[in-house]
Amino acid sequence: MNNLSLYGWNNNLFQLKQTSQYKHLFHVRISAVNKTNYEVIAESGVLLCELSGNVLYGKSSFELPCTGDWIIFQPFDDGKGIIVDILPRKHTLYRRKSGTVSDRQAIASHIDKVFIVQSLDANFSVRRTERFMFQVLEEDIQPVLILTKSDLEFNRHLVDESLKHILDRMPVFFTSILFPETILPVRKFVSQGESIVFVGSSGVGKSSLINALCERTVFSTSEISKSSGKGKHTSTRREIELMDGGGILIDTPGVREFGLASDNPEVLADMFDISDFSGSCRFKNCTHVEEPGCVVIEAVNSGLLEPEVYNSYLKLRKESWHFSVSEYEKRKKAKSFAKISNEAKRMKKR
């Protein structure tokens, strides 16, 4: 029997369930997604569920269940059931869907912390950290930077210098699975009932880190390919594991590119300390690119704001702006289609 409170069930979720017409049925949490079916964690164990027609055809693709979702299901056979409702999501981590400009893909929901995992080898990139961090902060989730493979030779001073502009936004842990004492502070940072999602490129050691945190082999791992620098066996889906005496750990497939799926200039400005200067710009809607009287540009020119940080801000701001414009255009087209459809219905009635 599973105690669902260990998997994050709480009174707030109970209150959300009371608003559903299916509140009399069982609630479970999505532990893994397999295309058209879903592994769920129920009090009775791990079950396999499919979507009801109302859920499948009544929701957008990014609204369909993802790992971490709490759902309500109707059992119909031993170990199987039908998902009839999804509890409202909170603290959901999204990314831009691969191959699209404006479609979002939900990675995991009801998340408390995101462990941004990077290795201290050629994979390390502060720009990649910023990208993950922006999306995490946008969803009001706490970002945490986990730097793995600290047993390798690396320049600690250069790493610290490259991260100094974001250190007050998130804690940073230097870890190595070869030295258990470096894993202990991370383990203590995870509280019981907290949901933690791990994100990062292939080969950075997410699965090995989870194994070390759980003190058992949860996910199989193997050596890194010398030709590609990636793990020869890496996660291919998001799935949940329970840490003994701790929280809920969610591994994710490695991603080469994490496309932004949000547009919140205030969060981005705060993240890069741009807001410390932008409030004094001549124009309230200053884009900090070429407007006269832009204090942000003056800060760059005077050395108060590093050019690399400013350029990274501009790059992420441009990408998130393109996403929001595409979303707007899509909504506008949807409204136009709705008007045409409603007009057609009225003409049919006449």
Note to self: Show every salt bridge (Lys or Arg N to Asp or Glu O under 4.0 Å) that has at least one partner inside residues 155-168, sequence neighbours left out.
What the structure shows: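 Salt bridge (Lys or Arg N to Asp or Glu O under 4.0 Å) check on residues 155-168 returns R156-D160, E161-K164, K164-E306.
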Checklist line | salt bridge (Lys or Arg N to Asp or Glu O under 4.0 Å): pairs with one or both residues in residues 114-126, sequence neighbours excluded | finding: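 Sorted result for residues 114-126: D121-K149.
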Decide whether [X] and [Y] are clustered together by the hydrophobic rule: side chain heavy atoms of Ile, Leu, Val, Met, Phe, Trp, Tyr closer than 4.5 Å, transitively.
X    : Y    : answer
I71  : L48  : no
I183 : L178 : no
I210 : F179 : no
Y22  : F76  : yes
L167 : L305 : yes

Checklist line | Side-chain cluster (under 4.5 Å, hydrophobic types only) that V46 belongs to, other residues | finding: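 Traced through the cluster, V46 reaches no other member.
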Taking all non-hydrogen atoms of both residues, which atom of [X] and which atom of [Y] are closest, and how far apart?
X    : Y    : answer
D112 : I141 : O-CG2, 3.4 Å
H27  : W9   : NE2-CE2, 3.4 Å
Y94  : E139 : CD1-OE2, 3.8 Å

If you define the side chain from C-beta out and look only at heavy atoms, does anything of [X] sit under 4.5 Å from [Y]?
X    : Y    : value
W70  : L16  : no
L120 : L147 : yes
V28  : Y38  : no
L4   : R29  : no
Y313 : H288 : yes
F115 : V190 : yes
F132 : V114 : no
Q142 : P171 : yes

Item checked: Distance, nearest 0.5 Å, that separates NZ of K90 from CG of L13 ->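 Between atom NZ of K90 and atom CG of L13 there are 7.5 Å.
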Checklist line | Y57 atom OH, neighbour heavy-atom count above 12 within 6.0 Å | finding: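 12 or below, so no.
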Note to self: Take a 6.0 Å sphere around NE2 of H24 and say whether it holds more than 12 heavy atoms from other residues, nucleotides or ligands.
What the structure shows: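 Yes - once you tally the heavy atoms of other residues, nucleotides and ligands closer than 6.0 Å, there are more than 12.
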Margin query: Which residues pass the side chain to side chain donor-acceptor pair (under 3.5 Å) test with N10, not counting sequence neighbours?
Written below: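 Testing N10 for side chain to side chain donor-acceptor pair (under 3.5 Å), a comparison that skips the adjacent residues, returns none.
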Next item on the list: Mind checking salt bridge (charged side-chain N to carboxylate O under 4.0 Å, His left out) for K17 and listing every partner two or more places apart, or none if nothing turns up?
Entry: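 For K17 there are no salt bridge (charged side-chain N to carboxylate O under 4.0 Å, His left out) partners, ignoring immediate neighbours.
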Notebook entry, point to check: Taking only residues two or more places apart in sequence, or in another chain, which ones meet K59 in a salt bridge (charged side-chain N to carboxylate O under 4.0 Å, His left out)?
Noted result: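 None.
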Tell me every residue that passes side chain to side chain contact (heavy atoms under 4.5 Å, CB included) with [X], counting only those two or more places apart in sequence or in another chain.
X    : value
P75  : F26, F73
S5   : N3
Q18  : F14, K23
I177 : S208, A212

Checklist line | Pairs meeting criterion side chain to side chain donor-acceptor pair (under 3.5 Å) with involvement of residues 175-193, two or more places apart | finding: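 For residues 175-193: D151-S176.
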Note to self: Looking at F189, is its backbone amide N or carbonyl O close enough to the side chain of K113 to form a donor-acceptor pair, meaning the two atoms are under 3.5 Å apart?
What the structure shows: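 Side chain of K113 to backbone of F189: a pair is present.
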Next item on the list: May I ask you to decide if E239's main-chain N or O and D251's side chain share a donor-acceptor pair within less than 3.5 Å?
Entry: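 Such a contact is absent between D251 side chain and E239 backbone.
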Next item on the list: Decide side-chain contact (heavy atoms from CB on, under 4.5 Å) for L242 and N2; before the verdict, give the C-alpha distance in whole Å, the side-chain angles of both, and the deciding distance to 0.1 Å.
Entry: CA-CA 11 Å; L242 197 61; N2 290 318; over 6 Å; no
Side chains of residues 78-89: which donor-acceptor pairs under 3.5 Å do they make with residues two or more places apart or in other chains?
unit_1, atom_1, unit_2, atom_2, d
D85, OD2, S20, OG, 2.6
R89, NE, D69, OD1, 3.0
R89, NE, D69, OD2, 3.1
R89, NH1, F62, O, 2.7
R89, NH2, L64, O, 2.5
R89, NH2, D69, OD2, 2.8

